[in-house]
Each structure stands twice: as structure tokens, then as C-alpha cells.
Amino acid sequence: MNRRLSIILIMLVALLSASLAEARELYIIPSAIGKVRNKEKDRHKTELETILKDKEFKKALRKGVLGFLRRAAAKNEGVNIKRAGFKTKFDPESILIPLLFVDNVISFVDKFGSEEQALYKGSVYIGINFLLFQAKSESLVYSAPMLVSVPYLNKTKNFSLTPLAGQIRAAIVEFFTDRKRLKPDAQDELGNCLADLEYLFSTKTCEIKNITLSKGTIKRIRNVDKYKSLAQMLASQALSQDHLVLPPKSRFPAIRRGLHAAVSMFGVSFQQGAEKSGFSERDNVYQTEMRMPKPEIIYGLTVKTGTRDNDLGPYIERNYTTAAYLQGGGEIIKCIKGVEVTLAKRHTTVSDVHFYNSLINALSDLDTCKK
């Protein structure tokens, strides 16, 4: 009898030890915000940096990111997400580093009315990457591309982002506070990642490399480079529901700088490129090497566009149709959507804005596409 009791006690201790071993506390440090890419001398760069430096926005963003991760962590008992502060001990295994990088700012406007009473209307698209790293190895454990769109209406073409500041900040925070943002499967994936930070390295990772436009699309679109940029951002956001979408390699140096700056709050500096991770002889230097998983699937994106007009007398009913084909990993995802727009024949000029709206509709939900 005593022997049986001893065996039961040993088993209970083992079970309790296992559950305690699984329980973990992860600390989130304040989100670092990276700068916008400036390949084309983006005139919005300074404005956007000013907008994102707002103190109240940073507080709301940190609170939103914390809630975003806590909702996913709730899928696993024993995983607690806490807010790190200056008094938090630097434990590289428990520290998560969130980075928010603005990749691009794209603006397109239509010009309405006569030359004397011209009115400009359109949208500003801001492409952002939300990345989550573990401090111990600087390993990427989660990635969520996001696209923020804000409407524009004014009497001048050379507009600034400043009047749109509130909308931009609200749209970014909403990404993390909207409880319907992640599909159940995607939320489970993130929850599993937080329970086991090596988890996502064993799931499908992808990258979009080649974007091809049809000859007709190249003729119709006035700014092909901007159209391709938006297509890549949209496709990345759509794929991120099922895959770990990797950021462009061109962002790696900036990401590395962001990581190092983010942990400086602990009084710790990184020594990059070390073969072994851990503290060196200098107590305030942590040796590490940034790890990015290799893409298992390389996607190519092909886009075709077309228009069809229906004459309504003083107006034209125009259909803007976009067909987007994502091909990779042995599968083809075919998305076709159209946008119906009624235009006055006195309409001065028509920009690419309706082609952009059609492209957004086509790539907004891959579940509705043919596979």
C-alpha cells in the first residue's frame, strides 16, 4: 500500500513539475518604430515620423500590442504576457521585442471638376510590418504585414499627411485592438508561438519575390512601381493569415538596428555576429546573431487589369476588373474582383485610384479566391 502511495506521489510531483516547467512569463518591451523607406525621396517621410512620435499614440500602441498578444496567449494556460519596465531584469529568454516598420507611403488622387474649381480626392496607403523577436537569439517568431488606408479630400494636390495624423494613428492602433483582426486559426498559430518560441520555425514561411504585370496593365497604370509596391503589401497581408511572411531582405540592417536600440532600456548592448549567444566578459554586452527563417515557399504574383464602359449619356459607368494570381508551393490562388464606378464625362482626369481599389478588393480575402 505504501509503495502504491509512493508511486502516486511521485507521479503527481512529476505532473506538477511539468506544468510548472511549461508555465512562463514573457515580457513585452515598448514597440520600436522604424523609419519609412526612402528610395524615391518620399516627400512624406518627415511628416510621418512626426506623426508616429506622438506620446499618446505610443501609449495606445503599446497597450494595443499587449492586448493583441495576451488574447493569443490565452489559448495556452500558464503563458502570461507582462509589460516590461526599467526595473525588469534582462532575461533574454523571456524578453520579446516588438518592432513596427513603415515600409512605404503611397498616395493617389483623382482630379474632379473644372480647372477653376478643381477638387482632389483619393487615398493614402501606408504599408507597415509588425515583427516580434526573442531577445536571446534575436529570432523572428512572428510577422504581420499590415496596410493602413486613409481617405483624402482637398483643393490642392500637394497635400500633407499632418491633417490625416489622427486617422493614421487610429488605424494603426485598431489593427491590434480589433478582436476580429485574426482568424481563429491564425490566432491559434500565434498562441502556439508564444507557448513555444521555436514553433513558427517549423511551420510554413513564405516570401513574395516576383511581381509581374500584364502588358495592358503596364499601359493603364501611370506609376507602375507604386502599383507593384501596393500589390506586394496586399499579398503579404493576405498570406499572413496562414503563413509567416518574411520582411524584405533590404530591411534587415534597419531591423537589426531597431533590435539593438529596443533593448538599450535594460542598459545592455548587443555584440553582433557572435558564434555563441550569451553574456561576454563585459557584463553589459550580450553576444547574439539575428536569425531569420528561410522561406519554404516563394510566391510569384501576376496581375492583369481591364476596363469596360457603359455609356449613360452625361455619365459613364466603368467597370475596373483586376485578376491577381499567386503561385508558389505547387498551388495557384486566383482572385478576380471588379469595381463599378460612375463617372461624369466632364471628369477632368482619372488616376490609378480605381485600379488600386480593385486590386485591394481582389487580394483582401484569399478565402474567397479559387485555389
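These numbers come from the heavy atoms of this one structure, side chains and all, not from hydrogens, waters or symmetry mates. By convention here, the first residue in the shown sequence is residue 1.
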Do V124 and I106 have side chains that approach each other closer than 4.5 Å (heavy atoms only, starting at C-beta)? no

Of all residues at least two apart in sequence or in a different chain, which pass the side-chain hydrogen bond (donor to acceptor under 3.5 Å, both in side chains) check with N319? T321, E340

With a 4.5 Å cut-off on side-chain heavy atoms, are S214 and T302 touching? no

E198: partners by salt bridge (charged side-chain N to carboxylate O under 4.0 Å, His left out), with sequence neighbours left out: R291

Using the ring pair (Phe, Tyr, Trp, His ring centres under 6.0 Å) criterion, which residues pair with Y152? Sequence neighbours excluded. F159

Do I128 and V148 make a side-chain contact, defined as non-hydrogen atoms from C-beta onward lying under 4.5 Å apart? yes

Side-chain heavy-atom pair L359, V303 within 4.5 angstrom cut-off: yes

If Ile, Leu, Val, Met, Phe, Trp and Tyr residues are connected whenever their side-chain heavy atoms lie under 4.5 Å apart, and connections chain through other members, are I97 and F252 in the same group? yes

So, using side chain to side chain contact (heavy atoms under 4.5 Å, CB included) as the criterion, who are the partners of S364 when residues are at least two apart? none

Does some side-chain heavy atom of S139 sit less than 4.5 Å from a side-chain heavy atom of L197? no

Over 60° means perpendicular and under 30° means parallel, so classify the ring planes of Y320 and H354, tilted if in between. tilted

Counting heavy atoms not belonging to R83, are there more than 12 under 6.0 Å from its CZ? yes

Provide the closest heavy-atom pair for G191 versus N76 in the form atom of the first, atom of the second, distance. O-ND2, 2.8 Å

L99 and F101: CA distance, side-chain angles, deciding distance, side chain to side chain contact (heavy atoms under 4.5 Å, CB included) verdict: CA-CA 6 Å; L99 300 180; F101 274 91; 3.7 Å; yes

All N/O donor-acceptor pairs, side-chain side in residues 232-245, below 3.5 Å, sequence neighbours left out:
residue, atom, partner, partner atom, Å
Q232, NE2, I208, O, 3.1
S236, OG, Q232, O, 2.9
S240, OG, Q237, O, 2.6
Q241, OE1, K183, N, 3.3
Q241, NE2, R181, O, 3.3
H243, NE2, Y299, OH, 3.4

Tell me whether I336 is reachable from L230 by hopping between hydrophobic residues (I, L, V, M, F, W, Y) whose side-chain heavy atoms are closer than 4.5 Å. no

Looking only at heavy atoms, which two atoms of S358 and G338 are closest? And how far apart? OG-CA, 4.2 Å

Results of side chain to side chain contact (heavy atoms under 4.5 Å, CB included) for A74 - residues two or more places apart only: none

Heavy atoms of I51 and R169 approach each other most closely as O-NE, 3.1 Å

Looking only at non-hydrogen atoms, find the nearest pair between K226 and Y356 and report the distance. C-OH, 3.2 Å

CE of M292 to CG of L246, rounded to nearest 0.5 Å, is 7.5 Å

Quick one, V341 and V339 - any side-chain contact, counting heavy atoms below 4.5 Å? yes

Close aromatic pair by centroid cut-off 6.0 Å: Y227 and F355: no

Contact between N310 and L312 at the side-chain level, heavy atoms closer than 4.5 Å - yes or no? yes

Y315 OH: over 12 foreign heavy atoms closer than 6.0 Å: no

Between CG on residue L194 and CG on residue L96, distance to nearest 0.5 Å: 6.5 Å

Backbone N or O of T305 within a donor-acceptor pair of the T217 side chain at under 3.5 Å? yes

Hydrophobic clustering (ILVMFWY, side-chain heavy atoms < 4.5 Å, transitive) - are I211 and L147 grouped together? yes

Under the criterion side chain to side chain contact (heavy atoms under 4.5 Å, CB included), I'd like the reasoning laid out for T205 against I297: C-alpha separation, chi angles, the key distance, then a yes or no. CA-CA 6 Å; T205 56; I297 304 174; over 6 Å; no

Which atom of A72 lies closest to which atom of Q187, heavy atoms considered: N-NE2, 3.8 Å

Could you list the residues that satisfy salt bridge (charged side-chain N to carboxylate O under 4.0 Å, His left out) with K204, not counting sequence neighbours? none

Could I get the full list of salt bridge (charged side-chain N to carboxylate O under 4.0 Å, His left out) partners for D311, not counting sequence neighbours? K345

OG-CG distance between S229 and D103, expressed to the nearest 0.5 angstrom: 9.5 Å

State whether the side chain of S160 and the backbone N or O of E47 hold a donor-acceptor pair below 3.5 Å, judged by distance alone. no

Do any N or O atoms from the side chain of N192 and from the backbone of D188 form a donor-acceptor pair under 3.5 angstrom? yes

Stepwise side chain to side chain contact (heavy atoms under 4.5 Å, CB included) check, L26 with N80: CA-CA 6 Å; L26 299 175; N80 299 314; over 6 Å; no

What's the separation between atom CD1 in I218 and atom NZ in K215, rounded to the nearest 0.5 Å? 9.0 Å

Can you give each donor-acceptor pair under 3.5 Å made by side-chain atoms of residues 54-69, sequence neighbours left out, with the distance rounded to 0.1 Å?
residue, atom, partner, partner atom, Å
D54, OD2, E56, N, 3.2
D54, OD2, F57, N, 2.8
R62, NH2, A84, O, 2.4

Does the gap between the ring centers of F176 and F130 come in under 6.0 Å? yes

Working to the nearest 0.5 angstrom, can you tell me the gap between L161 CG and L52 CG? 9.5 Å

Measure from the side-chain N and O atoms of N104 to the backbone N and O of G127, and report whether any donor-acceptor pair falls under 3.5 Å. no

Going by ring pair (Phe, Tyr, Trp, His ring centres under 6.0 Å), name the pairs with one or both residues in residues 177-197, residues two or more places apart or in two chains. none

Using the rule given for side chain to side chain contact (heavy atoms under 4.5 Å, CB included), can you reason through K370 versus I332, listing the C-alpha separation, both sets of side-chain angles and the distance that settles it, and then say yes or no? CA-CA 8 Å; K370 293 182 179 179; I332 299 177; over 6 Å; no

Using side-chain heavy atoms (C-beta onward) and a distance below 4.5 Å, is P98 in contact with L131? no

Hey, what do you get for CG (L301) to CG (L326), rounding to the nearest 0.5 Å? 5.0 Å

Among residues at least two apart in sequence or on other chains, which ones pass side chain to side chain contact (heavy atoms under 4.5 Å, CB included) with C369? I333, C335, L366

Using a 4.5 Å side-chain heavy-atom cut-off and chaining through intermediate ILVMFWY residues, the residues clustered with I316 come out as none

For the residue pair P295 and C206, what are the closest heavy atoms and their distance? CB-C, 4.2 Å

